[in-house]
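Taking it in order: structure first as structure tokens, then the write-up.
The figures here come from the full heavy-atom set of this structure, side chains too, leaving out hydrogens, waters and symmetry mates. Since the structure is predicted, the reported quantities are computational estimates derived from the model, not experimental observations.
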Amino acid sequence: MPRRLRSVGLDFIDSAPLRLVFSAEVSAPVDAVYRALADDVPGWPDWFTAVTAARPTEDGAGREIRLKGGGALRETIVAAEPGERYAYRVDEANAPGVHALLEEWRLTPAGTGTRVRWTFAADGSAPFRLALRLGRPGLGRAFRSAVRNLDGRLAGPAF
């Protein structure tokens with residue numbers, strides 16, 4: 001059963017009780033990375049293997065995400081700044097213990113490519129926070145793998 005999470009704004013990126021930040025560089029230009037994040041929501045499972053399904057909702061103002069292991073999320077886009085930032089708040093989740101969750105993807109030019117920084121800002125029960133802290137290495141691996149996959153996808157002729 002989905003749980004309603006606390007509604008948070010962009011300031012939660014800095015004030016969340018738990019913040020996990022990961023970064024990596026890709027050879028693709030900033031605009032191409034942004035389009036893949038914000039404009040091609042259904043394409044997320046093609047490069048972020050933890051995501052099994054993704055679809056925009058509310059005329060692009062929201063998203064529904066399915067994760068490996070059965071996770072289900074309903075999200076609201078809180079920042080869509082082309083070439084700079086894409087952020088969304090999780091409004092509903094079927095994960096126990098989570099109270100608030102906001103993810104931000106920051107993009108900055110890095111030579112001819114892009115530096116991608118992903119911030120995972122969360123609040124939840126003590127067991128939830130502990131699980132995230134312990135899961136940090138796995139989230140980092142998932143992020144790095146996703147960014148490598150995205151870079152390969154953007155380098156291909158079809159994108």
If only atom types and distance count, is the side chain of [X] paired as donor or acceptor with the main-chain N or O of [Y] below 3.5 Å?
X: D91; Y: S7; answer: no
X: R66; Y: A72; answer: no
X: D151; Y: S27; answer: yes

Item to complete: Answer yes or no: does atom CZ of R74 have more than 12 heavy-atom neighbours from other residues, nucleotides or ligands under 6.0 Å?
Response: no
[X] [atom1] to [Y] [atom2] distance, which is reported to the nearest 0.5 Å:
X: E64; Y: L73; atom1: CD; atom2: CG; value: 10.0 Å
X: L37; Y: L150; atom1: CG; atom2: CG; value: 6.5 Å
X: E103; Y: F12; atom1: CD; atom2: CZ; value: 11.5 Å
X: W47; Y: N149; atom1: CH2; atom2: CG; value: 9.0 Å
X: L20; Y: F143; atom1: CG; atom2: CZ; value: 12.0 Å
X: H99; Y: R129; atom1: NE2; atom2: CZ; value: 8.5 Å

On a heavy-atom basis, which atom in [X] and which in [Y] lie closest, and how many Å separate them?
X: F128; Y: A122; answer: CE2-CB, 4.0 Å
X: P56; Y: G60; answer: CB-CA, 4.3 Å
X: N94; Y: G70; answer: ND2-O, 2.9 Å

Do [X] and [Y] have side chains that approach each other closer than 4.5 Å (heavy atoms only, starting at C-beta)?
X: P137; Y: R141; value: yes
X: R63; Y: I77; value: yes
X: E84; Y: L107; value: no
X: V26; Y: V147; value: yes
X: P45; Y: T52; value: no
X: D46; Y: R153; value: yes
X: V116; Y: W105; value: yes
X: L18; Y: R133; value: yes

Discussion item. Is there a path of hydrophobic side-chain contacts, each under 4.5 Å between heavy atoms of I/L/V/M/F/W/Y residues, joining L101 to V41?
Written reply: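 As far as the 4.5 Å side-chain criterion goes, L101 and V41 are connected within one cluster.
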Fill in: same_hphob_cluster(I13, L5) at 4.5 Å side-chain heavy-atom cutoff
no
Discussion item. For a salt bridge (charged side-chain N to carboxylate O under 4.0 Å, His left out) check, start with the C-alpha distance between D123 and R6, then their side-chain angles and the critical distance, and finish with the verdict.
Written reply: CA-CA 9 Å; D123 188 15; R6 187 171 78 241; 3.3 Å; yes
Worksheet entry | E104 and W118 side chains, donor-acceptor separation under 3.5 Å | no
Practice prompt. Evaluate the side-chain contact (heavy atoms from CB on, under 4.5 Å) criterion for residues V90 and L102: first the C-alpha distance (whole Å), next the side-chain angles of each, then the deciding distance (0.1 Å), finally the verdict.
Written response: CA-CA 6 Å; V90 177; L102 184 79; over 6 Å; no
Practice prompt. Could you walk me through whether V30 and T108 pass side-chain contact (heavy atoms from CB on, under 4.5 Å), step by step?
Written response: CA-CA 7 Å; V30 169; T108 53; over 6 Å; no
Worksheet item: In this structure, which one of R115, R144, R117, R148 forms a salt bridge (charged side-chain N to carboxylate O under 4.0 Å, His left out) with E25?
Response: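 Passing option: R115.
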Ring-face cation of [X] near [Y] (centre distance under 6.0 Å, axis angle within 45°):
X: R19; Y: F120; result: no
X: R106; Y: Y86; result: no
X: R55; Y: W44; result: no

Practice prompt. Carefully, step by step, assess T76 and Y88 under the rule side-chain contact (heavy atoms from CB on, under 4.5 Å).
Written response: CA-CA 5 Å; T76 296; Y88 41 87; over 6 Å; no
Discussion item. For D31 and V33: C-alpha separation, side-chain torsions, deciding distance, then whether side-chain contact (heavy atoms from CB on, under 4.5 Å) applies.
Written reply: CA-CA 5 Å; D31 290 340; V33 176; over 6 Å; no
